[in-house]
**Q** 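Handing you a structure now.
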Amino acid sequence: MAEVQLVELAHARSGDKGDTANVGLIVYDEEDYPIVLEMVTPDRVKEHFKDMVKGPVERFRLDNLHAVNFLLHGALDGGGTVSLMTDAQGKVFSTALLRMGIEVPDEVAERVRGRGRVPDGRTGDRR
């Protein structure tokens with residue numbers, strides 16, 4: 001087994017509804033969807049965000065799209081119209097979730113490593 005970041009398996013979008021951040025995680029390859037379902041649970045997502053998410057985390061499966069949608073309750077300090085947070089609309093929650101590491105079989109890690117849009121350490125370059 002090897003650890004990869006979710007960014008190598010999926011892409012994501014996020015936004016807000018009141019005090020709840022909404023994160024959609026869409027898997028690149030159908031064959032990796034079962035791994036994401038097993039490894040990216042509401043409990044793991046809650047643990048990943050630590051104190052940033054004060055309420056429960058819900059997960060909704062979108063099997064026909066090979067995607068999951070997470071609702072992160074209590075993540076936006078009251079929401080965009082009242083919050084003083086820098087990201088009161090929850091736009092960076094998707095990027096933060098994509099940095100989560102998960103265990104995958106070695107052959108999956110070899111196949112996906114380097115696929116995501118992760119800065120490679122040089123200014124402005126992406127791999």
**Q** Please determine whether residues Met100 and Val23 belong to a single hydrophobic cluster, defined as Ile, Leu, Val, Met, Phe, Trp and Tyr linked transitively by side-chain heavy-atom distances below 4.5 Å.
**A**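 Yes.
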**Q** Could you tell me whether the side chain of Val40 reaches within less than 4.5 Å of the side chain of Val68, counting heavy atoms only?
**A**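 With C-beta onward as the side chain, the pair stays apart.
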**Q** Do the rings of Tyr33 and His66 sit parallel, tilted or perpendicular, given the 30° and 60° boundaries?
**A**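 The arrangement is perpendicular - the two ring planes meet at more than 60°.
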**Q** Within the structure provided, determine whether Val4 and Arg113 are in side-chain contact (heavy-atom separation under 4.5 Å).
**A**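 They are in side-chain contact.
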**Q** Within a reach of under 6.0 Å around CD of Glu58, are more than 12 heavy atoms found that belong to other residues, nucleotides or ligands?
**A**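 Counting neighbours around CD of Glu58, more than 12 heavy atoms of other residues, nucleotides or ligands fall under 6.0 Å, so yes.
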**Q** Is there side-chain contact between Val112 and Asp32, with heavy atoms separated by less than 4.5 Å?
**A**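 Yes, at least one pair of side-chain atoms sits under 4.5 Å.
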**Q** For the CG atom on Asn64, are there more than 12 heavy atoms of other groups (residues, nucleotides or ligands in this structure) within a distance under 6.0 Å?
**A**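 More than 12 heavy atoms, drawn from other residues, nucleotides or ligands, come within 6.0 Å of this atom.
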**Q** Are Leu72 and Phe93 close enough that some pair of their side-chain heavy atoms sits under 4.5 Å apart?
**A**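 They are in contact (side-chain heavy atoms under 4.5 Å apart), so the answer is yes.
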**Q** Would you please test Val53 and Val57 for side chain to side chain contact (heavy atoms under 4.5 Å, CB included) and show each step?
**A** CA-CA 8 Å; Val53 177; Val57 172; 4.0 Å; yes
**Q** Quick check: do Arg61 and Leu37 have side-chain heavy atoms less than 4.5 Å from each other?
**A**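 In short, these two side chains touch, coming nearer than 4.5 Å.
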**Q** Say whether, by atom type as modelled, one donor and one acceptor occur between the side chain of Glu8 and the main chain of Gly114 under 3.5 angstrom.
**A**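 It does hold such a pair.
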**Q** Evaluate Val7 against Arg99 for side chain to side chain contact (heavy atoms under 4.5 Å, CB included), listing each step before the verdict.
**A** CA-CA 6 Å; Val7 71; Arg99 299 303 181 256; 3.9 Å; yes
**Q** Within the structure provided, determine whether Met39 and Glu103 are in side-chain contact (heavy-atom separation under 4.5 Å).
**A**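 Yes. Closest side-chain heavy atoms under 4.5 Å.
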**Q** Using every non-hydrogen atom in the two residues, find where Ser14 and Ser94 come nearest and quote the distance to one decimal.
**A**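 Looking at all heavy atoms of both residues, the shortest contact is OG-N, 3.1 Å.
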**Q** Main chain of Gly101, side chain of His48: is a donor-acceptor contact present, judged purely on distance under 3.5 Å?
**A**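 No, His48 side chain to Gly101 backbone: no donor-acceptor pair under 3.5 Å.
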**Q** Kindly compute the distance separating CD1 (Ile26) from CG (Leu65), expressed to the nearest 0.5 Å.
**A**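 If we round to the nearest 0.5 Å, Ile26:CD1 and Leu65:CG are 8.5 Å apart.
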**Q** If we ignore angles and hydrogens, is there a donor and acceptor under 3.5 Å between the side chains of Asn69 and Asn22?
**A**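 Judged by distance alone, the side chains do pair up.
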**Q** Minimum heavy-atom separation for Leu25 and Phe70, please, with both atom names.
**A**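 It is CD2-CE1, 4.5 Å.
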**Q** Between Leu98 and Leu71, is there a shared hydrophobic cluster once you connect ILVMFWY residues whose side-chain heavy atoms come closer than 4.5 Å?
**A**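 No, because Leu98 and Leu71 fall into different hydrophobic clusters, even though each may have its own neighbours under 4.5 Å.
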**Q** Hey, is Arg111 close enough to Asp29 for a salt bridge, meaning N to O under 4.0 Å?
**A**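 Looking at Asp29 together with Arg111, the answer is yes, because their closest N to O distance falls below 4.0 Å.
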**Q** What closest approach, in Å, do Leu76 and Ala21 show between heavy atoms, and which atom pair accounts for it?
**A**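 Closest approach of Leu76 to Ala21, heavy atoms only: CD1-N, 3.9 Å.
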**Q** Nearest heavy-atom pair of Phe49 and Leu97: which atoms, and what distance?
**A**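 Smallest interatomic distance, heavy atoms only, reads CZ-N, 3.9 Å.
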**Q** Hey, are the side chains of Leu9 and Val108 touching, using non-hydrogen atoms and a 4.5 Å cut-off?
**A**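 Yes - at least one pair of side-chain heavy atoms lies under 4.5 Å apart.
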**Q** Just by modelled atom types, is the Gly55 backbone N or O under 3.5 Å from a matching donor or acceptor in the Lys46 side chain?
**A**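 Yes; judged by distance alone, with no hydrogens or angles, the pair exists.
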**Q** Please examine the side chains of Asp43 and Glu47, heavy atoms only from C-beta on, and report whether any two atoms are closer than 4.5 Å.
**A**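 No, side chains not in contact.
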**Q** How about CD on Glu30, more than 12 heavy atoms from neighbouring residues, nucleotides or ligands closer than 6.0 Å, or not?
**A**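 Atom CD in Glu30 is not crowded, with 12 or fewer foreign heavy atoms closer than 6.0 Å.
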